[in-house]
2 protein chains.
Amino acid sequence: MGNQKLYKGSLQTIILKLLESNDKMYGYEITQKVKELTKGELNITEGALYPALHKLEADGLLDVEVAKVGNRLRKYYKLTENGTKETANKLLEMQEFLKTMQHLVNPKFSLE
Amino acid sequence: MGNQKLYKGSLQTIILKLLESNDKMYGYEITQKVKELTKGELNITEGALYPALHKLEADGLLDVEVAKVGNRLRKYYKLTENGTKETANKLLEMQEFLKTMQHLVNPKFSLE
DNA sequence: AAATATACATAATTTTCTTATGCATATAAA
DNA sequence: TTTATATGCATAAGAAAATTATGTATATTT
C-alpha cells in the first residue's frame, strides 16, 4: 500500500465505475469491493469515502435510497442519468491518463 | 487536460524518472519535456515543480548545480545515489498502481 | 516597441486525502 | 458471557500536494 497516495484524485472515478457495474451499492460495500478487487492494494478510508459520496450526490450524479437491514441502516447509491454521462467522461479521462503515465514511466522507454 | 487533477501524487515520480533518463536537467527543461512527451496532456506548473524539486533536494534524492548561461541562471538537478534507489522504488510503485487502476476501470471488466 | 519565451521563486488558496473520533448494531471468538 | 471484530454511518482536525496569482529578470521573436 505504498502507492496509496498515488490514487489521489481518482476516488470519484472509482466510485462511479463501481456503480456503473453494480447499479446500486452502499458505502461500506464499496470499501470492501475495492479492497477485494485490488487484492488489498487500495483501501478506501471512510473519511474519504463518505464526503465523496455526499459530494457526488450534491452534484446530482448520485441518488440515495435509505434502507433498513435488520436494525441497521444502509444508504444505497445509484447513478442518476447525468451521473451515467459523467461516468463515461471520467472513465475516458482516466484511460487517457493511464496511457500517458504508462508511457512516461515505462522502463522500455528512455526519455531523452 | 481534463485529467490534470488525476496526476496528483505522481509529480515526484515523473521528475525522478526524467532525471534517471536524462542524467541532468533544470526546472524549466522538465516542464517542457513533460509537455512534449505527453503531447500537451500534462502541464507541470511552476508552483508545483519548484517546491517539489526543493523537497527532493532536501530529502537527499537530488543534487543541485547552478550554471550561468548567458546572463541567466539555471539550476541543474541530478539524482544522488540514494535518489537512484528511490527512483527504482517509486517506479515499481507507479507500475503497480497503474496496473491496479487499469484493472479497476477497464471497460472489458464489469465489476460485480 | 511589444509580446512571448526562458528561468527562477514564493504566498495564498483549494482540493483531496489521512487520521482521529464518535455513535450504534451484529456477529464471532475467548 | 463478555470481549473483540465486523458492519454501517458520520464529521472534524490536520497534512499533502496541487492550482492560481504574483514577482523578478533576461532573451528572443514579431
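Chain naming here is simple, since letters A, B, ... match the order of the sequence lines and numbering starts at 1 in each. Values reported hereafter were calculated over all heavy atoms of this structure, with side chains retained and with hydrogens, waters and symmetry mates removed.
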Given the rule in the side chain to side chain contact (heavy atoms under 4.5 Å, CB included) test, do B:Leu91 and B:Gln95 qualify, once you have shown the distances and angles that lead to the verdict?
CA-CA 6 Å; B:Leu91 285 175; B:Gln95 279 160 44; 4.3 Å; yes

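Annotation: ring-ring contact (aromatic ring centres under 6.0 Å, His included) contacts involving residues 11-32 of chain B, sequence neighbours excluded, comprise B:Tyr26-B:Tyr76. The stretch residues 33-54 of chain B participates, sequence neighbours left out, in no ring-ring contact (aromatic ring centres under 6.0 Å, His included) pair at all. Pairs engaging residues 69-90 of chain A under the salt bridge (charged side-chain N to carboxylate O under 4.0 Å, His left out) rule: none recorded [sequence neighbours left out].
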Pair up each side-chain donor or acceptor in residues 56-68 of chain B with any protein partner under 3.5 Å, not counting sequence neighbours, and list the distances.
residue: B:Asp59; atom: OD2; partner: B:Lys55; partner atom: NZ; Å: 2.7

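Between B:Tyr50 and the phosphate of C:dC8, there is a side-chain N or O to OP1/OP2 separation shorter than 4.0 Å. B:Lys8 has no side-chain polar atom (N or O) that falls below the 4.0 Å cut-off from OP1 or OP2 of D:dT19. Not one side-chain nitrogen or oxygen of B:His54 sits closer than 4.0 Å to the OP1 or OP2 atom of C:dC8.
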Listing time: all N or O pairs from protein to nucleotides 28-30 of chain D that are below 3.5 Å?
none

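Closest approach of A:Asn43 and A:Gln4 over heavy atoms only: O-NE2, 2.7 Å.
Atom CD in A:Glu29 sits roughly 12 Å away from atom C1' in D:dT7 (whole-Å rounding). To the nearest angstrom, P of D:dT26 lies 10 Å from NZ of B:Lys68. Rounded to whole angstrom, the span from the CG atom of A:Leu73 across to the P atom of D:dA10 amounts to 8 Å. Straight-line distance from the CD atom of B:Glu36 to the P atom of C:dA5: 16 Å, rounded to whole Å. At whole-Å resolution of the value, NZ in A:Lys55 and P in C:dC17 are 11 Å apart. Distance A:Leu42 CG to C:dC17 P: 11 Å, rounded to the nearest Å. Atom pair B:Glu65:CD and C:dC8:P shows a separation of 13 Å (rounding to whole Å applied). What separates OH of B:Tyr77 from C1' of C:dA9 is a distance of 10 Å, to the nearest Å.
Side-chain atoms of A:Thr80 come within 3.5 Å of backbone N or O of A:Gly83 as a donor-acceptor pair.
Residues B:Lys17 and A:Leu104 have side chains not in contact (no heavy-atom distance under 4.5 Å, counting atoms from C-beta outward). Looking at heavy atoms from C-beta onward, B:Leu49 lies in side-chain contact with B:Ile15 at the 4.5 angstrom threshold. The shortest side-chain heavy-atom distance between B:Leu79 and B:Thr87 falls under the 4.5 Å cut-off.
Considering only the side chain of A:Tyr28, D:dT7 comes nearest among D:dA17, D:dT7, C:dT6.
In terms of position on DNA chain D, the residue among B:Gly9 and A:Arg74 whose nearest nucleotide sits closer to the 5' end is A:Arg74.
Over its full length, the helix from C:dA1-D:dT30 to C:dA30-D:dT1 turns its helical axis through 20°, comparing axes from the five pairs at each end and rounding to 10°.
Heavy atoms of A:Thr31 sit nowhere under 4.0 angstrom from any nucleic acid atom.
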Heavy-atom protein contacts under 4.0 Å, nucleotides 18-25 of chain C, coded B base, S sugar-phosphate only, - none
BB-----B

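By the salt bridge (Lys or Arg N to Asp or Glu O under 4.0 Å) test, B:Glu96 pairs with B:Lys99, sequence neighbours left out. For B:Lys35, the salt bridge (Lys or Arg N to Asp or Glu O under 4.0 Å) criterion is met by no residue, not counting sequence neighbours.
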